[in-house]
Novice: 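Before anything else, here's the structure in question.
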Amino acid sequence: VQLQASGGGLVQAGGSLRLSCAASGSIFDIDAMGWYLRSPGGQRELVARSTNGGVTSYADSVKGRFAISRDNAKNTVYLQMNSLKPEDTAVYYCNADVRTTRNSQIFYRYWGQGTQVTVSS
């Protein structure tokens, strides 16, 4: 299973970006998909997450500015980032909890390679 993230870049404060992450490979079904960033301390922090049932959750810092959505037919998750702030600058990683076969009850978490978002003041 591979996750390919795209859409990062350089934007001025107040601007918008849309990140995309497409999962491919041996996929039977996908439960949750999400976006994380790497903090200055090196830890991955949740930005937004969406379950297959459509339940979403967001970090407090992005509520009202970012929106996560999915196209389940394309195994793709999006992150619409509006009203960007310099403190949103980070490498953003997508992930997906994937079941690879019909007979398996286990979902494994796969990660994309990360995409850089830089917001200038």
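A quick note: this is a predicted structure, and the numbers were derived from the prediction, not measured.
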Novice: Evaluate the side-chain contact (heavy atoms from CB on, under 4.5 Å) criterion for residues Gln113 and Gln4: first the C-alpha distance (whole Å), next the side-chain angles of each, then the deciding distance (0.1 Å), finally the verdict.
Specialist: CA-CA 7 Å; Gln113 83 283 9; Gln4 182 67 46; 3.1 Å; yes

Novice: Which value, rounded to the nearest 0.5 Å, describes the distance between Asp97 atom CG and Ile106 atom CD1?
Specialist: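 Here the interatomic distance stands at 12.5 Å.
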
Novice: Can Asp88 and Lys85 be counted as an ion pair, charged N to O under 4.0 angstrom?
Specialist: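 The answer is no: the pair does not qualify as a salt bridge.
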
Novice: Kindly write out the residues that satisfy ring pair (Phe, Tyr, Trp, His ring centres under 6.0 Å) with Tyr78, not counting sequence neighbours, or none if the list is empty.
Specialist: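 Tyr78 satisfies ring pair (Phe, Tyr, Trp, His ring centres under 6.0 Å) with no residue once adjacent residues are dropped.
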
Novice: Work out which heavy atom in Val77 is nearest to a heavy atom in Arg70; give both atom names and the distance.
Specialist: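 Here Val77 and Arg70 meet closest at CG2-CG, 3.9 Å.
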
Novice: Given side-chain contact (heavy atoms from CB on, under 4.5 Å), test Val11 with Ser16 step by step and report yes or no.
Specialist: CA-CA 7 Å; Val11 64; Ser16 298; over 6 Å; no

Novice: Taking atom types as modelled, is there a side-chain donor on Glu87 or Thr89 under 3.5 Å from an acceptor on the other?
Specialist: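 No, no side-chain donor-acceptor pair sits under 3.5 Å.
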
Novice: Are any non-hydrogen side-chain atoms of Thr115 and Val91 less than 4.5 angstrom apart?
Specialist: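 Result no, sub-4.5 Å side-chain heavy-atom pair not found.
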
Novice: Quick one: which of Phe28, Tyr108, Tyr110 gives a side-chain contact (heavy atoms from CB on, under 4.5 Å) with Val98?
Specialist: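 Checked Phe28, Tyr108, Tyr110 against Val98; only one passes side-chain contact (heavy atoms from CB on, under 4.5 Å): Tyr110.
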
Novice: Closest heavy-atom contact between Leu79 and Tyr92?
Specialist: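 Shortest heavy-atom contact: CD2-CD2, 4.4 Å.
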
Novice: Write down the atom of Lys63, the atom of Asp60, and the distance for their closest heavy-atom approach.
Specialist: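 The pair with the smallest heavy-atom distance is NZ-OD1, 3.0 Å.
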
Novice: Does a donor on one side chain sit under 3.5 Å from an acceptor on the other, for Asp71 and Thr76?
Specialist: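 The criterion, which ignores hydrogens and geometry beyond distance, is not satisfied for Thr76 and Asp71.
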
Novice: Within the 4.5 Å heavy-atom criterion, are Val117 and Leu19 side-chain neighbours or not?
Specialist: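 Sidechains of Leu19 and Val117: in contact.
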
Novice: How long is the straight-line distance from CG of Asn95 back to CZ of Arg49, given to the nearest 0.5 Å?
Specialist: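 Going from the CZ atom of Arg49 to the CG atom of Asn95 covers 7.5 Å.
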
Novice: Is the shortest side-chain heavy-atom distance between Asn75 and Ile27 below 4.5 Å?
Specialist: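 Of all side-chain heavy-atom pairs linking Ile27 with Asn75, at least one is under 4.5 Å.
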
Novice: List the steps, then state whether side-chain contact (heavy atoms from CB on, under 4.5 Å) holds for Phe107 with Thr100.
Specialist: CA-CA 8 Å; Phe107 287 81; Thr100 57; over 6 Å; no

Novice: Which heavy atom of Trp35 sits nearest to which heavy atom of Ser20, and what is that distance?
Specialist: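 Looking at all heavy atoms of both residues, the shortest contact is CH2-O, 3.6 Å.
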
Novice: When you look at Trp111 and Tyr36, which way does the ring-ring contact (aromatic ring centres under 6.0 Å, His included) test go after all the steps?
Specialist: CA-CA 10 Å; Trp111 291 87; Tyr36 289 70; 5.2 Å; yes

Novice: Taking the side chain as every heavy atom from C-beta outward, state whether Gln80 and Ser69 have any pair of such atoms under 4.5 Å apart.
Specialist: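 Of all side-chain heavy-atom pairs linking Ser69 with Gln80, none is under 4.5 Å.
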
Novice: Can you tell me how far apart CD (Gln43) and CG (Leu37) are? Round to the nearest 0.5 Å.
Specialist: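 Gln43 atom CD to Leu37 atom CG measures 11.0 Å (nearest 0.5 Å).
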
Novice: Quick one: closest heavy-atom pair of Ser57 and Leu46, and the distance?
Specialist: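 What the structure gives for the nearest pair is OG-CD2, 4.1 Å.
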
Novice: Counting distance only, does the side-chain N/O of Arg18 pair as donor-acceptor with the main-chain N or O of Met81 below 3.5 Å?
Specialist: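 Flag not set: sc Arg18 to bb Met81 has no pair under 3.5 Å.
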
Novice: On a heavy-atom basis, which atom in Ala5 and which in Cys94 lie closest, and how many Å separate them?
Specialist: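 That closest heavy-atom pairing would be CB-SG, 4.0 Å.
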
Novice: Could you state the interatomic distance from OG (Ser50) to CD1 (Ile68), rounded to the nearest 0.5 Å?
Specialist: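 These two atoms lie 5.0 Å from each other.
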
Novice: Do Asn52 and Ile30 have side-chain heavy atoms sitting under 4.5 Å apart?
Specialist: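 The answer is no, as the side chains (C-beta and beyond) never meet within the 4.5 Å cut-off.
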
Novice: Can you tell me how far the CD atom of Gln2 sits from the OG atom of Ser24, to the nearest 0.5 Å?
Specialist: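 Nearest 0.5 Å value for the CD-OG distance: 4.5 Å.
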
Novice: Taking side chain as C-beta onward, heavy atoms only, is Tyr93 less than 4.5 Å from Arg38?
Specialist: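 Result yes, sub-4.5 Å side-chain heavy-atom pair found.
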
Novice: Can you measure from CE (Met33) to SG (Cys21) and round to the nearest 0.5 angstrom?
Specialist: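 Atom-to-atom, Met33:CE and Cys21:SG are 5.5 Å apart.
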
